[in-house]
Amino acid sequence: MKRFIYFVVALAASVMMASCEKPLEELNPEFPALGNKSVEIKSGETVKLNFNLNDVRGNKITTETKSTASEEYAVAVKLDADGSTGSVSITAPSPIHYDKAFDVTVTFSDEQNGRKSVSTINVQPVLALEGLNPSFPSLTAEQVEIKSGEVLAVDFKLSDVRGFRVAADVTSTASDDYSVAAELGADGESGTVTITAPALILDDAAFDVNLVFTEEEHNRTANAKFTVKPVLVEGLVKLAGHANSFIVPSGAVALFPTFKGNSSEKVAVASIKLEWQDAAGLYVDCPQISDGEAIVRFAEGKEGNAVLSGVNAAGVVAWSWHFWVVNDTPKDVAVGGYTFMDRNVGALNLDEKSELSVGVTYQYGRKDPFPGIKFTEYKEREIYGADGQPISVPIVKTTEADNLETTIQNPGTFYNNVYVSGAKHGYSWITTDATTYGADKFAALWENGGKKTMYDPCPAGYVVAPVAAWDAVKAATADKVTELWDSAYETFDASAIGTNDKYAAGNRKKVQFRGCLYGDLRLTVTGEISSNSASFSYANCVGKALPTAVVWCADIDASFKTNPSASYFRGCAVKVNTSGNGNYDDVSAVKVNALATTGKYTLMYRLPVRCIREQ
């Protein structure tokens, strides 16, 4: 009975206490340090946010987290022992690639009492981006060389890209002949700048390659540059002066002006054609033609002469130029108030015993040369076509009253006329009637009052030496003449010295004269080439009994100016020759005559030319 009463009393007390206890409120989590519930976080950082829960009363609380971040952020919730406090820790990746704000949602649950509260923390990633800082790992200096035709690749590297889109823009101060491009790799952090050089670099002025890298999303821009130093194409020779002949060394890459002689009249050149060369393989090619200039290349290790024609779009030769390829560059020699070249046009050396000292030959008044004479035989030096095969100089009869334009279109052709009684052509290449051609027109080819003309065959700055220049040489060197002889020479021509046993091999050293030195000016034996028929004749050359050194002067025969007869339609020449009678047993039998100018040479002759500086 007593136990029952005690149970009833206890139950009543419990009911009374329960009826007096306050109902459970919401958990209402709070983050005291958060304020507006937005928190910044940096790369690799862990942010710890303390929270308080309301009215826990010892009940078991569980948590669940969710994140809207686009990267892997670590989120952890820790409840303290009392269950009413704790912390949320958010750890950022390193580096942070995106700075878009995201939410961390924490759900607090009291399952026993059916309570659930949700807190949302807004997290703002801070990228703390560094500069893109472009660099060029492959460059050991700020300047890099580029060669003709080269494609140069320069790698670049960017910093702290973090996957953001970067645009690369490249410009340069190079000429339009260069191509410059930049390309980013798939990783967006590296790439390559490509510079393509022209096939032939003609200007070695350095230029800059400028790059601008832009990452628009975060307003990042970075600039970088490096300098490119072009290397001139090997053998480049820039020929500035307008002329009909040019001096270049072997292996030259010659940039020359395509103008008519020394004039300002530009030639419309569509292609370059080789007319002839006196060394097989001397001329290589023409890799470039532009407005008013062209580039031609010559073989390394070869010397000689070549005539190149500029062919227009219609396939007609519009003009032509002589290239004198020689490593021993001609020098100036001052004598008698004039400055002479030390050798004939086209001569490759100064050795009087060598046929290479003769140079090329010209018909008086023509701008284009023909090959010189060959010492060992009575003929001209061999010439070759573009394929390296031997060719010959064609001989064509002049049929026009004014044949000048025809000769321009056919620079490798020798024009002549055959003598017939009463003929007025004067053996001329230029006209069929010399009597009506006119002295002024004739003199305008080379003489021209001493002024260079568009038909003058000398290089820029030089003209064909006139009679007056040679008269000055004679006067200035009257007591300074040195005869040149070849005591070791044996002629191959028995007719020059005799045929009996006395002139057997070893005893033929009779045709020895090789020229003269007038002060320092050398005039060596050249011989004479002519044609008034379908073939060439060779006279007074090495191997003949009385060899001659002779070159054209700029002047026409003065007699033609007062008497325009075909007989006087001639060019002047200067010569030193030898004389004597019979077969010569010793040098004393040969007399060297004084330097003399003469107007006896008709236009059927081919003689060398000597140039003087323009005055």
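Treat the numbers as computed from the prediction; the structure is a model and nothing was measured.
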Go through the steps for T194 and E183 under the test side-chain contact (heavy atoms from CB on, under 4.5 Å), then give the verdict.
CA-CA 8 Å; T194 303; E183 184 177 0; over 6 Å; no

Please give me the minimum heavy-atom distance between [X] and [Y], naming the atom from each residue.
X	Y	result
L132	V161	CD2-CG2, 4.3 Å
Y384	L274	O-CD2, 4.3 Å
C458	A243	O-CB, 3.9 Å
L152	V144	CD2-CG1, 3.7 Å
A153	T192	CB-CG2, 3.8 Å
N50	S87	OD1-CB, 3.4 Å

side-chain contact (heavy atoms from CB on, under 4.5 Å) evaluation trace for V180 with T171:
CA-CA 7 Å; V180 182; T171 59; over 6 Å; no

With sequence neighbours excluded, tell me which residues meet side-chain hydrogen bond (donor to acceptor under 3.5 Å, both in side chains) with D204.
none

Could I get the full list of side-chain hydrogen bond (donor to acceptor under 3.5 Å, both in side chains) partners for S263, not counting sequence neighbours?
none

With a 4.5 Å heavy-atom cut-off, do [X] and [Y] have their side chains touching?
X	Y	answer
L200	P287	yes
T329	W324	no
T413	T407	no
E303	V326	yes
I96	V126	no
P369	P457	no
L158	L184	yes
L211	P134	no

Between [X] and [Y]: side-chain donor-acceptor atoms closer than 3.5 Å:
X	Y	value
T453	N448	no
Y462	R613	yes
S320	K367	yes
N327	S250	yes

Identify the residue among E217, H97, H218 that makes a side chain to side chain contact (heavy atoms under 4.5 Å, CB included) with L127.
H218

Is the [atom1] atom of [X] crowded by more than 12 outside heavy atoms at less than 6.0 Å?
X	atom1	result
K229	NZ	yes
D291	CG	no
K331	NZ	yes
E72	CD	no
K116	NZ	no
Q615	CD	yes
E30	CD	no
N219	CG	no

N/O donor-acceptor pair under 3.5 Å between [X] side chain and [Y] backbone:
X	Y	value
T173	F207	no
N344	G359	no
T68	D103	yes
K266	S264	no
D278	N305	yes
E71	Y98	yes
N113	R115	no
D177	S175	no
W319	I408	no
T214	T221	no

What distance do [X] atom [atom1] and [Y] atom [atom2] have between them, rounded to the nearest 0.5 Å?
X	Y	atom1	atom2	value
E64	T107	CD	OG1	5.5 Å
E111	T62	CD	OG1	4.5 Å
I383	L282	CD1	CG	13.0 Å
F259	E293	CZ	CD	8.5 Å
L27	I61	CG	CD1	4.5 Å
K260	N244	NZ	CG	11.0 Å

Would you call the rings of [X] and [Y] parallel, tilted or perpendicular if under 30° counts as parallel and over 60° as perpendicular?
X	Y	answer
F256	F246	tilted
F31	F108	tilted
Y73	F102	tilted
F213	F156	tilted

Step by step, would you call N52 with T85 a side-chain hydrogen bond (donor to acceptor under 3.5 Å, both in side chains)?
CA-CA 5 Å; N52 299 318; T85 59; 5.5 Å; no

In plain terms, say whether [X] and [Y] are close enough for a salt bridge, that is, a side-chain N and a carboxylate O under 4.0 Å apart.
X	Y	answer
D155	K157	no
E40	K42	no
R343	D328	yes

Under the side-chain contact (heavy atoms from CB on, under 4.5 Å) rule, what do F298 and V237 come out as? Steps first, then yes or no, please.
CA-CA 11 Å; F298 297 92; V237 179; over 6 Å; no

Take E614 and D456 through the test side-chain contact (heavy atoms from CB on, under 4.5 Å) and record every step on the way to the result.
CA-CA 12 Å; E614 289 186 84; D456 185 280; over 6 Å; no

Does Y283 have its ring centroid less than 6.0 Å away from the ring centroid of F323?
no

